[in-house]
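Before any comments, here is the structure.
These values consider heavy atoms only, across backbone and side chains, with no hydrogens, waters or symmetry-generated copies.
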Amino acid sequence: MQFFCLKLFPLLILSSVSLSFLVCISESVIELPKNNTIPALFVFGDSIVDTGNNNCINTIAKVNYPPYGQDFMGGKPTGRFSNGKVPLDLIAEELGIKALLPAYLDPSLQTQDLLTGVNFASGGAGYDPLTSDVALVFSLSDQLAMFKEYIMKLKRAVGEEQTSKILRESLVILAVGSNDITNTYFSTPLRKFVYDIPSYADLMVSYASSFVQDLYKLGSHRIGVLGLPPLGCVPSQRTLKGGVSRKCVDSYNQVSQLFNKKLSDELNLVNRKIPEARINYLDMYYLLLDLIHHPEKYGFGISNIGCCGTGTIEVAFLCKYTCSNVSEYVFWDSFHLTEKAYRLLVRQILKQYMKDFICEKPFC
């Protein structure tokens with residue numbers, strides 16, 4: 001199968017950035033030890049990290065229109081589910097790889113962009129294939145097929161040996177799972193009558209485990225898998241299930257914690273089975289929960305609603321207007337964070353986990 005975009009969409013043309021490993025950005029940048037490089041970044045997942053792959057397909061899970069991207073370069077909507085950059089852009093920036101990570105299906109993508117990494121994520125996707133089917137988006141299997149296609153393109157561009165080196169030394173991030181819980185399990189009867197919550201979490205973890213092992217077989221050695229956020233505290237779920245006072249939904253947060261524990265345990269097992277790989281669970285649950293409960297501690301003012309619309313339920317095409325003070329908000333819409341909040345999370349995650357990708361076992 002060959003993946004391509006059938007029509008152009010508004011995305012800034014990305015020229016290649018030379019591989020330096022220190023870039024000057026506001027406060028900090030991750031400085032890698034000597035003799036360690038991360039030449040490229042590859043990302044798989046859902047709307048948290050999609051940068052425009054969905055622009056090409058017939059789905060409502062896309063945001064290539066205002067007000068999305070209002071604070072992006074040039075104020076252009078690119079398909080990123082935020083007011084500006086999303087986590088993978090910020091990871092690439094912090095690691096000094098390049099300023100933005102382009103979507104693999106960006107029709108303006110150049111050969112030189114392939115050398116420093118691309119993004120295969122699709123908004124609305126899940127670990128459970130049914131989640132992606134219902135949303136009419138690219139499943140993880142589709143994203144893996146794109147990655148295989150990408151590898152063939154890279155081999156034609158730089159040869160077999162250099163391709164293997166890029167894949168082996170690059171960082172891969174997988175960020176998905178929220179749609180499985182909020183959309184597929186709790187909002188439809190499609191899985192609820194077959195699986196209880198623990199067994200559905202096991203199903204998701206089994207797909208996650210298979211996916212990271214497939215990535216390893218294709219040559220990736222540094223793989224980070226992001227855990228679920230406190231789903232019961234995102235504005236949309238507070239509105240739908242939090243009662244009149246819109247409290248955090250404890251039962252949903254407990255599901256996130258259950259899944260995260262199972263995922264972490266499974267990745268530890270996989271890591272031990274593959275001694276050459278560095279496959280790491282990346283936790284964001286507790287930092288985001290603290291940010292939501294104590295926004296003022298981190299320089300925010302509002303964390304129970306999003307900036308878009310009323311902030312309680314609107315996302316994607318329902319976002320018709322926005323707040324005037326986006327820097328005060330943790331959430332951009334009722335599900336996705338602002339660039340400012342993402343930057344805080346990314347920096348903390350990289351500071352906490354980057355050593356696990358670059359040090360030699362068993363000394364990590």
- Chi angles and distances behind the side-chain hydrogen bond (donor to acceptor under 3.5 Å, both in side chains) call for Thr131, Asp180: CA-CA 6 Å; Thr131 301; Asp180 296 316; 2.5 Å; yes

Mind checking whether [X] and [Y] have side chains closer than 4.5 Å, heavy atoms only?
X      : Y      : value
Phe81  : Trp332 : no
Ile38  : Met354 : yes
Tyr285 : Asn253 : yes
Pro230 : Ser256 : no
Phe44  : Met146 : no
Val225 : Tyr281 : no
Asn179 : Asp128 : no
Phe147 : Leu167 : yes

- Item | Lys262 and Asp202 ion-paired at < 4.0 Å |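 Judged by the 4.0 Å cut-off on N to carboxylate O distance, Lys262 and Asp202 do form a salt bridge.
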
- Message: One thing to verify: whether Glu339 and Arg80 come together as a salt bridge, which I'm taking to mean a side-chain N less than 4.0 angstrom from a carboxylate O.
- Response: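 Salt bridge absent between Arg80 and Glu339.
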
Of the non-hydrogen atoms in [X] and [Y], which two are nearest, and what is the gap between them?
X      : Y      : result
Cys248 : His293 : SG-CE1, 4.0 Å
Leu101 : Lys98  : CD1-CE, 3.6 Å
Ile313 : Ser334 : O-OG, 3.1 Å
Thr59  : Lys62  : O-CE, 3.3 Å
Leu337 : Phe331 : CD1-CE2, 3.6 Å

Does [X] use its side chain to pair, donor to acceptor, with the backbone of [Y] at less than 3.5 Å?
X      : Y      : value
Lys241 : Tyr252 : no
Gln143 : Gly45  : yes
Asn268 : Ser264 : yes
Asn53  : Leu105 : yes
Gln352 : Ile349 : no
Arg246 : Asn304 : yes
Thr188 : Thr184 : yes

- Item | Working for side-chain contact (heavy atoms from CB on, under 4.5 Å), residues Leu174 and Leu140 | CA-CA 10 Å; Leu174 173 59; Leu140 285 184; 4.1 Å; yes

- Task: State whether the SG distance for the cysteine pair Cys307/Cys323 is less than 2.5 Å.
- Result: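 A disulfide is present here, as the SG pair of Cys307 and Cys323 is separated by less than 2.5 Å.
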
- Item | Chi angles and distances behind the side-chain contact (heavy atoms from CB on, under 4.5 Å) call for Ile173, Val49 | CA-CA 9 Å; Ile173 298 294; Val49 287; 5.6 Å; no

Does [atom1] belonging to [X] count more than 12 external heavy atoms closer than 6.0 Å?
X      : atom1 : result
Glu161 : CD    : no
Asn58  : CG    : no
Lys261 : NZ    : no
Leu258 : CG    : yes

- Straight-line distance of Ser236 OG to Leu231 CG, nearest 0.5 Å: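 Between Ser236 OG and Leu231 CG, I get 8.5 Å after rounding to 0.5 Å.
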
- Task: Please determine which of Asp71, Thr322, Thr338 meets the side-chain hydrogen bond (donor to acceptor under 3.5 Å, both in side chains) test together with Asn83.
- Result: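 Of the listed options, the one satisfying the test is Asp71.
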
- Could you go through the side-chain hydrogen bond (donor to acceptor under 3.5 Å, both in side chains) check for Tyr342 and Asp89 one step at a time? CA-CA 10 Å; Tyr342 278 139; Asp89 296 316; over 6 Å; no

Would you check if there is a donor-acceptor pair between the side chains of [Y] and [X] at a distance under 3.5 Å?
X      : Y      : answer
Tyr216 : Glu276 : yes
Tyr68  : Asp333 : yes
Asp142 : Ser139 : yes
Asn54  : Ser122 : yes

- Message: Applying side-chain contact (heavy atoms from CB on, under 4.5 Å) to Ser187 and Thr182, what does each step give before you reach the verdict?
- Response: CA-CA 6 Å; Ser187 298; Thr182 59; 5.5 Å; no

- Message: Determine whether Asn119 and Thr51 satisfy the following criterion, side-chain hydrogen bond (donor to acceptor under 3.5 Å, both in side chains), listing intermediate values before the conclusion.
- Response: CA-CA 7 Å; Asn119 171 27; Thr51 54; 2.8 Å; yes

- What's the verdict on side-chain contact (heavy atoms from CB on, under 4.5 Å) for Arg222 and Glu169, showing C-alpha distance, side-chain angles and the deciding distance? CA-CA 7 Å; Arg222 293 168 167 169; Glu169 296 181 354; 4.2 Å; yes

- Message: Please evaluate residues Glu93 and Arg343 with respect to the criterion salt bridge (charged side-chain N to carboxylate O under 4.0 Å, His left out), reporting the C-alpha separation (whole Å), side-chain torsions for both, the decisive distance (0.1 Å), and the verdict.
- Response: CA-CA 10 Å; Glu93 179 184 305; Arg343 186 176 292 278; 2.8 Å; yes

